[in-house]
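Each chain gets a letter, A, B and so on, in the order its sequence line appears, and its residues count up from 1. Side-chain atoms are counted along with the backbone in the values below, which use heavy atoms only and exclude waters and symmetry mates. No experiment lies behind these values; they were computed from the predicted model shown.
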There are 2 protein chains.
Amino acid sequence: MSQSQLELRHLKTLLALAECGSVSQAAKRVFLTQSALSHQLKALEDHYGLALFERKTQPLRFTPAGERLLALAREVSALVAGAERDMARLREGEAGELRIAVECHTCFDWLMPAMDAFRQHWPAVELDIVSGFHADPVGLLLTRRADLAICSEAEAQDGVVYQPLFAYEMVLIMAKDHPLAAKPVWQADDLASETLIHYPVPDVMLDLVRKVLKPAGVNPARRTSELTVAIIQLVASRRGVAAMPFWAVKPYLDRGYIASARIGDSGLQSELYAALRQDDAALAYMRDFLHTVREQSFATLPGLSVLA
Amino acid sequence: MSQSQLELRHLKTLLALAECGSVSQAAKRVFLTQSALSHQLKALEDHYGLALFERKTQPLRFTPAGERLLALAREVSALVAGAERDMARLREGEAGELRIAVECHTCFDWLMPAMDAFRQHWPAVELDIVSGFHADPVGLLLTRRADLAICSEAEAQDGVVYQPLFAYEMVLIMAKDHPLAAKPVWQADDLASETLIHYPVPDVMLDLVRKVLKPAGVNPARRTSELTVAIIQLVASRRGVAAMPFWAVKPYLDRGYIASARIGDSGLQSELYAALRQDDAALAYMRDFLHTVREQSFATLPGLSVLA
DNA sequence: GTAAAATAATGAAATTGCCTCATGATTGTA
DNA sequence: TACAATCATGAGGCAATTTCATTATTTTAC
């Protein structure tokens, strides 16, 4: 009976719902419970006296009425985002500096589109990538050689805050005709006789080594390569196996170039955080950059999950 | 400290504020208290860390930040209005019938623009004006010769509901060189020796006669005319005085063609209601028509006030 | 210039409405 | 068929918004 009118909150929910395809997933995306969204959607349907979705399908389908509201949501949220950016610029000015230190190679896949979008919105902010791969990107922050560091762990450090970006699963990739290609889950032991292909970085930065192989005392042969496509090629050519983010290899899996398997029974989960100097955490363009990264990434990368 | 995010509610407040020029007036427009709006605006300013208005002026002025949010409000509310109309059409279909019975001559001033706007949004609804001026427009409703009646009083009647439109003040107009032209307030007695010019309708439909002259036992000479401009002409030519809605004569007052006075110490307040058959009251195009009338009228007519 | 009226700000109390929790129902899947 | 995942629903708690009561400020009128 609550005749509560339409609010931006509802539109945000609709957007999340369209992206996730299920109420429970969307709930995670907007940091509410499934129950909250269920109530919210029911209220919306009551308000308009129209069904907005067909619930009995997976992913759930929008009715024409739902589509109409979704279209509104897209239009409106773009306008609101623009206005809020303008408000931030009015408050803090247009200019600033944003030098990004990157620890992982694959990060470029999602970083580039996000940086492009950001550049549109903050043309006066100097955007840079700190070249080279540093074992300690957070150190660059404190020595003021970078303003933001992408890293996979949030180790407490004075004057530094960590903002969660997203979480994803690392999968093992192998040639399609690999003897174990049909095995859905690999354990550490399965890797003992394999050649592991990875980026040329220290072991501490390789989640597979640090979290799986080392604890199990397994030490396979190694081979390194700088480029993602090169690693894929090597794997497809049966020169070894590699652990890669699911979202990075999904296109190759879809095209049937390679096969993949889960690492360990519950999978190897990886997380990404952005580290900032505490003083910079409130800067509007910083917050907007992080927001853009999340938005762009969730929109384009498959299989991401939210990170509290 | 409430970091509550922007909601449509806030944007509606901003629109009302821009139209009214003061917090208390805007509060009436959105059916909240002045206090509620004051809190709401403060919360908005806190949220963005920016002043949105200069308070010390009358009417209050928007800062650049306020202007930016106001611009957003205009864009968004247009989109939302369009979407909500589409939702209504999805629910109830496009077509319908809307024959309007009008009791007062001046109503055409605001009815025409509203009808034009409505026609854009509901092209499939048959829009008509029931010709002639009927003493009992509500009767036309029950005999199904009209679907909506504009009237100045809400007399309870079975099967009929009254929706408030707006309230306004009737003023007395006279020639600029009339002996009493400088008198700011006229009483009934002042009219005893005047000629009263009015539309050719029964006395019960003339608020001045019914509410002021008859109670005071004053019965001035009369003269009638069909057209508003003709009445203005007669008044300017010293052939008599007339009672007209302020919003109808404001242009002529501004140009100095005529003078005006308040009727009675507290003014002669008039109200307008739309009467509908109870069954039709929930129809989307009916509700939208009423909404359009209010919106258009408040936007274009000076001196209106809200009617609960 | 002062008094009166209108308008705005503020804090506390009260209400409303939203969210979470707990649980049951439904759908899809092994 | 049973299990897992997703969704629905009602009750209860809590926080955000509104109102109320009052004070402060500005505008208007004389």
Side-chain angles (χ1 to χ4, degrees), chain A residues 1-14 16-47 51-63 66 184-185 262 265-267 303 305 308, chain B residues 1-14 16-47 51-63 66 182 184-185 262 265-267 303 305-306 308:
Chain A
M1 290 288 98
S2 65
Q3 275 303 83
S4 72
Q5 59 147 13
L6 184 72
E7 288 292 357
L8 291 184
R9 159 169 35 97
H10 300 120
L11 299 183
K12 299 217 169 102
T13 297
L14 288 179
L17 201 54
E19 283 183 22
C20 298
S22 98
V23 177
S24 8
Q25 290 307 109
K28 290 191 186 115
R29 202 68 88 71
V30 296
F31 298 101
L32 290 174
T33 59
Q34 169 267 324
S35 176
L37 254 60
S38 186
H39 282 293
Q40 203 175 95
L41 295 171
K42 181 164 164 37
L44 259 191
E45 294 190 317
D46 286 356
H47 176 67
L52 300 177
F53 330 92
E54 296 168 25
R55 270 62 190 268
K56 325 270 163 185
T57 88
Q58 192 60 256
L60 99 176
R61 238 199 333 265
F62 284 69
T63 64
V185 179
R262 162 161 295 179
D265 294 316
S266 52
S305 52
Chain B
M1 290 293 99
S2 65
Q3 274 301 83
S4 74
Q5 61 147 12
L6 185 72
E7 288 292 356
L8 290 184
R9 159 168 33 99
H10 299 120
L11 298 184
K12 299 218 168 97
T13 298
L14 288 180
L17 201 54
E19 282 183 23
C20 297
S22 97
V23 177
S24 8
Q25 290 307 108
K28 291 192 184 114
R29 202 67 90 72
V30 296
F31 298 101
L32 290 174
T33 59
Q34 169 267 323
S35 178
L37 254 60
S38 186
H39 283 295
Q40 204 177 94
L41 296 171
K42 182 165 162 38
L44 259 191
E45 294 190 316
D46 286 354
H47 176 66
L52 300 178
F53 329 92
E54 296 167 26
R55 271 53 193 267
K56 322 270 162 186
T57 88
Q58 191 59 255
L60 99 175
R61 236 198 335 265
F62 285 70
T63 64
V185 179
R262 164 162 294 181
D265 294 316
S266 53
S305 52
V306 291

Bend angle of the helix from C:dG1-D:dC30 to C:dA30-D:dT1, end axes from five pairs each (to 10°) = 40°

Spacing between B:F31 atom CZ and C:dT16 atom P, to the nearest angstrom | 18 Å

Do any pairs count as a salt bridge (charged side-chain N to carboxylate O under 4.0 Å, His left out) and have a residue in residues 32-43 of chain B, sequence neighbours left out, and if so which ones?
-> B:K42-B:D46

Locate the shortest heavy-atom distance separating A:F62 from A:L14; write the atom from each residue and the value.
-> CZ-O, 4.1 Å

Which whole-number value in Å describes the distance from A:H47 NE2 to C:dC18 P?
-> 12 Å

List the atom of A:Q40, the atom of A:L32, and the distance in Å for their closest heavy-atom pair.
-> NE2-CD1, 4.4 Å

Would B:H10 and B:H47 satisfy side-chain contact (heavy atoms from CB on, under 4.5 Å), going step by step from the backbone distance to the final call?
-> CA-CA 12 Å; B:H10 299 120; B:H47 176 66; over 6 Å; no

Rounded interatomic separation in angstrom, taking CG from A:L37 and P from C:dC19 | 8 Å

Starting from P on C:dT27, measure out to CZ on A:F53 and report it in whole angstrom.
-> 17 Å

Are OP1 or OP2 of D:dT17 and a side-chain N or O of B:Q40 less than 4.0 angstrom apart?
-> no

Where the side chain of A:E45 meets the backbone of A:L52, is there a donor-acceptor pair that is under 3.5 Å apart?
-> yes

Give the rounded distance in Å between these two atoms: CD of B:E54 and C1' of C:dA8.
-> 16 Å

Rounded to whole angstrom units, what separation is found between the CG atom of A:L8 and the P atom of D:dA16?
-> 17 Å

Separation of atom CZ in B:R61 from atom P in D:dT26, rounded to whole Å | 15 Å

Going 5' to 3' through nucleotides 6-12 of chain D and flagging B where a protein heavy-atom sits under 4.0 Å of the base, S where only the sugar-phosphate is that close, and - otherwise, we get SBBBB--

Interatomic distance where CD belongs to B:Q5 and C1' belongs to D:dT17 [whole Å] | 15 Å

Between A:R29 and A:C20 the two heavy atoms that sit nearest each other are NH2-SG, 3.6 Å

Apply side-chain contact (heavy atoms from CB on, under 4.5 Å) to B:L41 and B:L17, showing your working.
-> CA-CA 10 Å; B:L41 296 171; B:L17 201 54; 3.8 Å; yes

Over all heavy atoms of both residues, which pair between B:V23 and B:S38 is shortest? Give the atoms and the distance, please.
-> CG1-N, 4.2 Å

Look at the side chain of A:E7 and the backbone N and O of B:R9, then say whether any donor-acceptor pair between them is shorter than 3.5 Å.
-> yes

